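In what follows, a single structure is set out as structure tokens and then discussed.
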2 protein chains.
Amino acid sequence: MAVNTEGETASMTEISPVPPALQAAWGMREKPTKGPKPTLSVDRIVAAAIAVARAEGYPAVSMNRVAGELKTSAMSLYRYVASKDELAVLMMEAAAGEPPAPRTAGETWRAAVERWAHAMFTMFGDEPWFLQVPIAAPPATPRQLAWMETGLAALDGLPLPESEKLSLLLLVNGYIRYEALLRGQMTEAARAHGRTVDAVIAEFGGLMRHLVQADRFPLLRRAIDAGAMDTPGDPAGGFTFGLSRILDGIEAFVRSHPAP
Amino acid sequence: MAVNTEGETASMTEISPVPPALQAAWGMREKPTKGPKPTLSVDRIVAAAIAVARAEGYPAVSMNRVAGELKTSAMSLYRYVASKDELAVLMMEAAAGEPPAPRTAGETWRAAVERWAHAMFTMFGDEPWFLQVPIAAPPATPRQLAWMETGLAALDGLPLPESEKLSLLLLVNGYIRYEALLRGQMTEAARAHGRTVDAVIAEFGGLMRHLVQADRFPLLRRAIDAGAMDTPGDPAGGFTFGLSRILDGIEAFVRSHPAP
DNA sequence: GCAGTAACGCGTATGGCATACGCAGTAAGT
DNA sequence: ACTTACTGCGTATGCCATACGCGTTACTGC
């Protein structure tokens, strides 16, 4: 749960343009020495909030709810956390796992990116509330950057400009998030209605079969009749398929570049 | 603003498993004949809500706000719209433009998909509030399906299973949404702080330069120093780059398939 | 050891939100 | 003319994030 590794605060506590929530995530908050002993701690609050999110989804996380979980009042939390948005950032930072091991010597870039992507996809699967958090800005937290760094390591040595590597990584990242989002919506719907995920998927398939009339959407109808909506329980099958296409695309791009 | 083309209601008003919001979007609501004349209409409400969203973003759209815009009370709206979620679906359905023209005879599938993708990206750029709407389920509205149908048309004739074409389209779709989302966040931040988009991008670049220390994130640092954060005003440049990678990937996949 | 002060817990209050409920009035069908 | 279905909409409920202020506590400089 402890996110910061200490030590980077020293050179950074200048007059910085770092937004408050990010300051908290980077451990840039000076701890007070005076005053009464705090009975709570940021970590305990964040842990409680994560527990609620895991059990009931992010919408269930309210200051009142989290406070209740800690047997205190909502306003007490504000002594530790500046706002709910800040809490959300800290939650994500704490719940995001470490990135996977960086690329090893004998590993191809493609295998490394694949590993990286699957690790991220699994993380989103483990913490489905992640993608329910409304984000207003690209959060530059330590863990986020660590994931990006590991991703860059997977592409290290390729004869590409560094900025393009970052673009490629963002491309993969976007795909992962979107795919995980769709999957999370299904999971959420299943929980909300007390059905299984398979049942929800089947239901959606039925809905599509019902709405997609051949005269108005002939090609869609054909795809559905060909079984596009019957994915019997393959959990990550669609994900791997799409990922392979993207990696193919990157491979083609790399090949088209002259080695320096 | 009028979404439905009439005529499909007949065979569909059976005991259907169609969710309420979708029923509204598909025009499956029977209009009452008795009672006083309505002073409002769904279309007027949706139009007012869209106007608010366009001017101040989706979070500004509240039942009270929309009602105020129409000089009536919040509860009046519920005579026309079952819930705010339903209103959101109707807003998106009304504001989503028609999909681009389907693939013409001489056009390659790649050019057609590119056209389709750019049209969708432009649409998200024109209606940035779209991506601020929290969606809980994949909405199967007429316009959504129409876009998908046009997308399938772009891939028509390729020697692939129909279900795989749909997967590929979803892949492109996800990329477009994610890229538009990032762009929309920047635009939103710019409006919120009264700065220009370029200023916000520059600010974010400065933040990254500040946070990304070479000892902890050497590769990221290298990418930043190589200019990854200085994209001086190229609005859709990054989008086109990523899209080309995905299309490369699809092309490789198509080539690897035996023609039947 | 004592004053000053900063941080503590937290009650209360504000303003916003979606929406359930019910009532009084209106218009069409009988 | 009378029933019935629908209208607009006031009022109320129960959430939400959070601003403010008060009494209390414990560290710091004298």
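Keep in mind the model is a prediction, meaning the values are calculated, not measured. Labels below follow one simple rule: chain letters A, B, ... track the order of the sequence lines, proteins then strands, and each chain is numbered from 1.
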Next on the checklist: Has Y178(A) got a side-chain atom pairing as donor or acceptor with R177(B)'s backbone, closer than 3.5 angstrom?
Outcome noted: no

Checklist entry - Tell me: CD1 of I45(A) to C1' of dG9(C), nearest whole Å? => result 12 Å

Checklist entry - Whole Å only: how far is the NZ atom of K84(B) from the P atom of dC15(D)? => result 19 Å

Next on the checklist: For dC10(C) and Y78(A) - does any side-chain N or O of the residue sit under 4.0 Å from the phosphate oxygens OP1/OP2?
Outcome noted: no

Next on the checklist: Checking base pairs now: Watson-Crick or wobble, both atom distances under 3.5 Å. What partners dG21(D)?
Outcome noted: dC10(C)

Next on the checklist: Going by side chain to side chain donor-acceptor pair (under 3.5 Å), name the residues that satisfy it together with Q132(B), two or more places apart in sequence or in a different chain.
Outcome noted: E188(B)

Checklist outcome for this item: Looking only at heavy atoms, the pair that brings E127(A) and A95(A) closest together is OE2-O, 4.0 Å

Any protein N or O atoms within reach of nucleotides 24-30 of chain C? Criterion: under 3.5 Å, listing atom names and distances.
{"unit_1": "dA28(C)", "atom_1": "OP1", "unit_2": "K37(B)", "atom_2": "NZ", "d": "3.0"}

Item to check | Atom-pair distance (OH on Y58(A); C1' on dA17(D)), nearest Å | outcome: 11 Å

Next on the checklist: So if I take every side-chain heavy atom of P38(B) and compare against dC8(C), dT7(D), dT11(D), which nucleotide ends up nearest?
Outcome noted: dT7(D)

Checklist entry - Do L87(A) and Y80(A) come close enough that some side-chain heavy atom pair is under 4.5 Å? => result no

Checklist entry - Roughly how many Å is it from CG in L77(B) to C1' in dG10(D), rounded to a whole number? => result 14 Å

Next on the checklist: Can you see if the side chain of T72(B) gets near the phosphate of dC9(D) - specifically, an N or O under 4.0 Å from OP1 or OP2?
Outcome noted: yes

Next on the checklist: Please give me every residue in residues 59-69 of chain A whose heavy atoms get under 4.0 Å of an atom in DNA chain C, ordered by residue number.
Outcome noted: none

Checklist entry - Separation of M75(A) atom CE from dT14(C) atom P, in whole Å? => result 14 Å

Item to check | Shortest non-hydrogen separation from F124(A) to A180(A) and the atoms involved | outcome: CB-CB, 3.6 Å

Item to check | Minimal non-hydrogen separation, A48(B) against V66(B), with atom names | outcome: CB-CG1, 4.2 Å

Item to check | For atom CZ of R29(A) and atom C1' of dA6(C), their distance in whole Å | outcome: 17 Å

Checklist entry - Under a 4.5 Å cut-off applied to non-hydrogen side-chain atoms, are L131(A) and Y58(A) in contact? => result no

Next on the checklist: Quick check: closest heavy atoms across W147(A) and W116(A), and the distance to 0.1 Å?
Outcome noted: O-NE1, 2.9 Å

Item to check | Minimal non-hydrogen separation, P139(A) against Q144(A), with atom names | outcome: O-CG, 3.5 Å

Item to check | Atom pair distance, as rounded to whole Å: NZ in K31(A) and P in dA26(D) | outcome: 18 Å

